[in-house]
Protein chains: 2
Amino acid sequence: MKAVILSAGKGSRMKSTTPKPLIRLFGIPLIEHKIRKLKGCDIAVVYHDKKLAEYLQKKFPKVELIFNPYPEKENGYSLYCAKGFIKEGETFVLLMADHYYGDAFYQEIGKTKKGNYLFVSPYCYDPLEATKVQTQNHHIIKIGKELREYDYFDTGFFILSWEIFKYIEKILDIPKITLSRVMQLVADDKKLYYKEIKDIWIDIDTKEDLKLAENLIRKSLIKESDGFISKLINRKISTRITPLLARFDAVTPNKITVFTTLLGIIAGTLFLSKNVLLAGILTQISSILDGCDGELARIKNLSSKFGAVLDTVLDRYVDTFIIFSIYLSLDRTTIVSGLFFLCITGTILVSYISHLTKIRPYFITRDIRLFLIMLFSIISPIYTASLEVLLAVIGTLSHLGVVYSLLKYKKQT
Amino acid sequence: MKAVILSAGKGSRMKSTTPKPLIRLFGIPLIEHKIRKLKGCDIAVVYHDKKLAEYLQKKFPKVELIFNPYPEKENGYSLYCAKGFIKEGETFVLLMADHYYGDAFYQEIGKTKKGNYLFVSPYCYDPLEATKVQTQNHHIIKIGKELREYDYFDTGFFILSWEIFKYIEKILDIPKITLSRVMQLVADDKKLYYKEIKDIWIDIDTKEDLKLAENLIRKSLIKESDGFISKLINRKISTRITPLLARFDAVTPNKITVFTTLLGIIAGTLFLSKNVLLAGILTQISSILDGCDGELARIKNLSSKFGAVLDTVLDRYVDTFIIFSIYLSLDRTTIVSGLFFLCITGTILVSYISHLTKIRPYFITRDIRLFLIMLFSIISPIYTASLEVLLAVIGTLSHLGVVYSLLKYKKQT
């Protein structure tokens, strides 16, 4: 499908010399979020600012650039500039460069039938500034900023058919052709449908909006399946590191995966050389950074099945190597060897079975395991048997986790 | 759906006092194969032999028994006896008690639209005795034993609508009402469709047929994903043990799983007490018997998702326990500990990743792993370092297996 991004407007309220679409949200220029999420679409950007055009040409040479010489004619005219890009009869996506949309918006694109659709939301962070819509049956009947009675907010995300250009042509001679005005014409013909999208969206006008959007993204990156140490500590830090990494195209999720693996292996060798305290702390740092690969992949739309499997496998290698190093640093009595056996098999099996059954034992996820390693490492100077106890604790919890998953799965099936 | 099994015929060619439907195929009475595979259907059996009725009443009290006082009137009349069981407008399955059908037949039941269907096959093990059909477009136009020109063989497996009883009533006064005769009437009205089923089926008339069927079942139990030791040795033995176990209802797949797990653990403790030779042999025996749970589950239609997960988890416990026992029986030097680490992590991870990626490294499946353990145990009296080498070999092959799966998966995605 084709997609048109409108970015000819001026970001005067932002008080910045950077063109608004290039302002970074979570480390990534606003417009780039859209281009990345529209992977698979033929994209055109309607622009006025030449800085923006230069940036896009360099970074996304496949994106078609359409110059709008009259931005003061408003966004309806901006859309009209893209008339040559869309062929008669085609359907296309239209969205605003300075809005942020959650993934559900993009996922809905493929599911929409032919016709003119406005994606709407019952929520808005700036209701005064927002465009509202009034609906009847499946139609939109009224659209505008000043509506007193309204059902939803206009998110600026559309699926449109080519005929929209015909509607713009009807009012081409007026000085300010707003999108709302164009859409009201379509609505009058009962040809504008709406679709409610249940995900975040925000029109970024001010620095406060930017901060708000950043927080919303941060929250969306916390996975339901995250363990409680992850929710309590790790994600709070990793989601602040990821925006810094996102600035650099050379930093890919798989590279982060490999880097945190190396960090884990260094932690292991520190256990071997009996630098227990440092090893424990490095283990926890590696655990925190381990969140960044997934976050970056999601925010930059780079998630891959292979990446997920690679991450899983390398995590297991790190975990078992650290545990093995702890074992090698201890006296290898039969009891300690037994604890090691318990711990190493449990660590892999609990993860294995939660993949098989899709049931995660909440009390022994990876974040908890690595946090326990740090905790027991820290107390090791004052409690000499702490590493043996650590093996016993992780081992026991993990095998209980296996049993927990098995029993819950039996009930389920 | 309802199902009618016809078993009023006499098994005179079998030379046995047991009623033919009760003759055991792969340890299970012929008729029971059908009843088990039709799980979820309301089943009626049309019978003449009282022994058969007594057996079914005891073992499958939910199955409805319909007595046919005139078996000499042939199977068309037998079917007519079930008229009261089927309500007007209903569709039902009809099949023969003395045939064996592969799973594809039963899987097709739910996929068939309303109407009269005969499941046909291009293959037959006894073409002289078999009923043939001639087809045109999607219809059957001729059906009978003596057809000179024919496209398929009649497998005796039908999906029929209630109107079939109306057809039988048209010829109710003739002495021998064969099914073929009834079906020819339906075919004459262009109301008999056919469906080609690509799976084994066999009409069991003689002891030779029984043997043939047993071999076909045995072959069908070999999984494509089986390792080469399994195909070469294990399955050949386990598929001969499973029919013996299938005779006893108390023997369930999950019980076999638990039993082979115990056997593996005994093998492990034998390694601990340095009975290496015996331990190795027991390991291989446990590996062979490990096939029986799955085979029994498939043949008795008792497969469950939970059973499969339980089997996977317990297999990992057995494998790792045996490897741990071998390690404990050796000097726990750093090198040996390293080999142990390599071996134990590889063993679980190679299985884990082949579950994640659905790519099995053919060179290090479980059957091969356990066979290697036996092999190196046998040579241990003449080669003292054999168990250390064993750890190294399994460890290396397993981690190569992990890399193999990862690389193949990357190519695929």
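So that the names make sense, note that chain A is the first sequence line, chain B the second, and so on, each numbered from 1.
Listed options Arg316(B), Lys410(B), Gln412(B), Lys305(B) were ranked by heavy-atom pairs under 4.5 angstrom with chain A; first place goes to Lys410(B). Counting heavy-atom pairs closer than 4.5 Å to chain B, the top-ranked of the candidates Ile353(A), Thr347(A), Thr334(A) is Thr334(A). Between chain B and the residues Thr413(A), Leu349(A), Ile344(A), Leu310(A), the most heavy-atom pairs under 4.5 angstrom are made by Leu349(A).
Heavy atoms from other residues, nucleotides or ligands lying under 6.0 Å from CD1 of Ile335(B) number 12 at most. More than 12 heavy atoms of other shown residues, nucleotides or ligands fall within 6.0 angstrom of atom OH in Tyr317(A).
Within the 4.5 angstrom heavy-atom criterion, atoms from both the backbone and the side chain of Leu406(A) approach chain B. Only the side chain of Thr312(A) comes within less than 4.5 Å of a heavy atom of chain B; its backbone N, CA, C and O stay farther away. At a 4.5 Å heavy-atom cutoff, the contact between Thr357(B) and chain A is made by side-chain atoms alone. For Thr333(A), the part sitting under 4.5 Å from any heavy atom of chain B is the backbone (N, CA, C, O) and nothing else. For a residue to count as touching a neighbouring chain, one of its non-hydrogen atoms must lie under 4.5 Å from one of that chain's; by this rule Thr345(A) touches chain B with backbone and side chain alike. Interface remark: Leu328(A) contributes side-chain atoms only to the contact with chain B (heavy atom separation under 4.5 Å).
Judged by distance alone, with hydrogens and angles left aside, the side-chain atoms of Arg332(B) form no donor-acceptor pair with the main-chain N or O of Tyr327(B) at under 3.5 Å.
The aromatic rings of Phe324(B) and Phe340(B) sit tilted relative to each other, their planes meeting at an angle between 30° and 60°.
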**OP:** Show your reasoning for whether side chain to side chain contact (heavy atoms under 4.5 Å, CB included) applies to Asp42(A) and Met1(A).
**Re:** CA-CA 6 Å; Asp42(A) 285 333; Met1(A) 204 187 260; over 6 Å; no

Original post:
What's the verdict on salt bridge (charged side-chain N to carboxylate O under 4.0 Å, His left out) for Asp249(A) and Lys255(A), showing C-alpha distance, side-chain angles and the deciding distance?
Top reply: CA-CA 11 Å; Asp249(A) 287 328; Lys255(A) 278 184 193 164; over 6 Å; no

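Asp293(B) and Thr257(B) form a side-chain donor-acceptor contact under 3.5 Å, judged by distance and modelled atom types alone.
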